[in-house]
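Remember, it's a predicted structure, so these values are computed and weren't measured experimentally.
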There are 2 protein chains.
Amino acid sequence: MERRRNHSKKRDAILETIRSTKSHPSAEWVFEQLREDFPNLSLGTVYRNIAEFKESGEVMSVAVVDGIDRIDGDTSPHEHLVCTACGAVEDLELDLQTEAISKQISERCGAQASRIHLTAYGLCRCCLKKTN
Amino acid sequence: MERRRNHSKKRDAILETIRSTKSHPSAEWVFEQLREDFPNLSLGTVYRNIAEFKESGEVMSVAVVDGIDRIDGDTSPHEHLVCTACGAVEDLELDLQTEAISKQISERCGAQASRIHLTAYGLCRCCLKKTN
DNA sequence: TAAAAAATAGGAATCATTCTTGTTTTTGCG
DNA sequence: CGCAAAAACAAGAATGATTCCTATTTTTTA
């Protein structure tokens, strides 16, 4: 039951902004980035479009840091590090056997996993340096 | 700088309730469970104590499902399944090489991971049956 | 038992997110 | 083109989980 979507400059810009960063932004951050190009952009529009992107699978949320949802425009399988000091969310590329994990879940629990998220919590390189 | 903690029946009961379930409850759920034994219990007290348990490492949050924080009184290393249909959070026991993963993170990113969370999203056994 | 410290109840405040409504933009069509 | 229907939007109100505040109660200490 796909609803037809009209073209929208703002929606395109929102998706482009999300895709062009590796910062795993919040809705607020996306909004701030676009404020210059679209002075009358509404934060609600950013939230609404992000929700739609999530439904269509173009964007996924990867973490909730300090109560704020952080999203990723890269939906290919990869993992994340959440820095418990500065709140940064970074990409990881581990050799995670997601197939084997899904199989284990199916066999042991009778459940069907559609996505496997691995999130490491700790100190990013920057914050680790500062503790020395 | 550990603050001295007095003894408190309610705090003990809150921790016991959290530890005695595998449902990975919300604060609200814990509150409801204790309402019978402590008719004048305050939801704020549950939140405050959960926050303290998190700080002391006795409890950890394992997922945010539909905007609600879900906690676990079992802080031993294990993984979770979040059912995208009914919102249940279940324990998994996978053969995850967390040591090797932490090592990879350190070598590739220079970061120091203190916890590795693996969360699978999909259909639990019950909800999977219903889709047949 | 009395004062000091800690914990709580109750309710107000916060704040990310969602919803509502009136307006603007886009699209399809004559 | 010009116009009506559909979709998208701005602005701000509403929601709801969580946190904060303060007066009261419980626990500890001596």
Side-chain angles (χ1 to χ4, degrees), chain A residues 1-18 23-56 58-72 82 87 89, chain B residues 1-18 23-56 58-72 82 87 89:
Chain A
M1 210 61 66
E2 284 279 317
R3 183 156 52 91
R4 179 163 59 81
R5 276 206 202 170
N6 281 349
H7 236 282
S8 153
K9 286 185 181 177
K10 287 176 181 172
R11 176 158 51 223
D12 293 348
I14 290 168
L15 185 55
E16 180 51 31
T17 299
I18 295 169
S23 70
H24 307 86
S26 64
E28 183 80 34
W29 186 92
V30 174
F31 175 66
E32 290 303 333
Q33 299 309 111
L34 291 167
R35 247 171 150 3
E36 192 174 349
D37 289 349
F38 300 90
N40 69 337
L41 180 66
S42 172
L43 182 56
T45 295
V46 176
Y47 273 107
R48 177 169 34 77
N49 279 289
I50 288 175
E52 288 172 20
F53 292 144
K54 284 187 189 172
E55 274 184 62
S56 68
E58 292 163 284
V59 160
M60 63 195 312
S61 66
V62 293
V64 176
V65 181
D66 296 330
I68 296 174
D69 191 33
R70 302 285 290 268
I71 60 176
D72 194 343
V82 174
V89 180
Chain B
M1 212 57 64
E2 284 278 316
R3 184 159 51 94
R4 179 163 59 81
R5 275 205 202 172
N6 282 348
H7 201 257
S8 155
K9 286 185 181 178
K10 287 176 181 172
R11 177 159 49 223
D12 293 348
I14 290 168
L15 185 55
E16 180 51 30
T17 300
I18 295 169
S23 71
H24 306 86
S26 62
E28 182 80 34
W29 187 92
V30 174
F31 175 67
E32 290 302 334
Q33 299 309 112
L34 291 168
R35 249 173 148 359
E36 192 172 350
D37 289 348
F38 301 89
N40 71 337
L41 179 65
S42 171
L43 182 55
T45 296
V46 176
Y47 273 107
R48 178 168 34 77
N49 279 288
I50 288 175
E52 287 172 20
F53 293 143
K54 285 186 190 174
E55 274 184 63
S56 68
E58 294 163 282
V59 160
M60 65 195 311
S61 65
V62 292
V64 175
V65 181
D66 295 331
I68 295 174
D69 191 32
R70 303 286 290 269
I71 60 176
D72 196 341
V82 174
V89 179

Checklist entry - Just checking B:Arg48: base, sugar-phosphate only, or nothing, at a heavy-atom cut-off of under 4.0 Å? => result base
Solution key, residues 28-42 of chain B side-chain donor-acceptor pairs under 3.5 Å, sequence neighbours excluded:
unit_1, atom_1, unit_2, atom_2, d
B:Asn40, OD1, B:Lys10, NZ, 3.4
B:Ser42, OG, B:Gly44, N, 3.4

Item to check | Atom-to-atom span, CD1 of B:Ile68 to C1' of C:dA16 - whole angstrom | outcome: 14 Å
Item to check | B:Arg11 CZ to D:dT25 P, straight-line distance once rounded to whole Å | outcome: 20 Å
Checklist outcome for this item: Rounded to the nearest 0.5 angstrom, the NE2-CG distance for B:His7 and B:Asp12 is 4.0 Å
Next on the checklist: In this structure, how many angstroms lie between the C1' atom of D:dT19 and the CD atom of B:Glu52, rounded?
Outcome noted: 13 Å
Checklist entry - Which atom names give the shortest non-hydrogen contact between B:Ile68 and B:Ser26, and what distance separates them? => result CG2-CB, 3.5 Å
Hey, what are the protein-to-nucleotides 14-16 of chain D N/O distances that come in under 3.5 Å?
none

Item to check | Five-pair end axes of the helix from C:dT1-D:dA30 to C:dG30-D:dC1, angle between them (10°) | outcome: 30°
Next on the checklist: What is the separation between atom CD1 on A:Ile14 and atom P on D:dA8, rounded to the nearest whole Å?
Outcome noted: 12 Å
Contacts under 3.5 angstrom, residues 46-54 of chain B side chains, donor-acceptor by atom type, not counting sequence neighbours:
unit_1, atom_1, unit_2, atom_2, d
B:Arg48, NH2, B:Thr45, OG1, 3.2
B:Asn49, ND2, B:Thr45, O, 2.8
B:Glu52, OE1, B:Arg11, NH1, 3.2
B:Lys54, NZ, B:Asp69, OD2, 2.7

Item to check | Spacing of A:Asp66 atom CG relative to C:dT17 atom P, expressed in whole Å | outcome: 12 Å
Checklist entry - By side-chain hydrogen bond (donor to acceptor under 3.5 Å, both in side chains), which residues pair with B:Ser23, not counting sequence neighbours? => result B:Thr21
Next on the checklist: Whole angstroms only, please: what is the NZ-C1' distance between B:Lys10 and D:dT24?
Outcome noted: 12 Å
Item to check | Between C1' of C:dT17 and CD1 of A:Ile50, the distance in whole Å | outcome: 11 Å
Checklist outcome for this item: Atom CG of B:Asp12 and atom C1' of C:dT8 are separated, to the nearest Å, by 14 Å
Next on the checklist: Please pick, from C:dT8, D:dT18, C:dA16, the nucleotide with the shortest atom-to-atom distance to any side-chain atom of B:Asn49.
Outcome noted: C:dT8
Checklist entry - Choosing from C:dA16, D:dT18, D:dC9, which nucleotide comes nearest the side chain of A:Tyr47? => result C:dA16
Checklist outcome for this item: Nearest heavy-atom approach of A:His24 to A:Val89 is ND1-O, 2.8 Å
Atom pairs, N/O to N/O, protein against nucleotides 22-30 of chain C, distance under 3.5 Å?
unit_1, atom_1, unit_2, atom_2, d
C:dT27, OP1, A:His7, N, 3.1

Checklist outcome for this item: Residues of residues 27-45 of chain A with a heavy atom under 4.0 Å from any atom of DNA chain C, listed by number, are none
Taking only distance into account, with no hydrogens and no angle test, what donor-acceptor pairs under 3.5 Å do side-chain atoms of residues 58-67 of chain A form with protein atoms, sequence neighbours excluded?
unit_1, atom_1, unit_2, atom_2, d
A:Glu58, OE1, A:Ser56, OG, 2.5

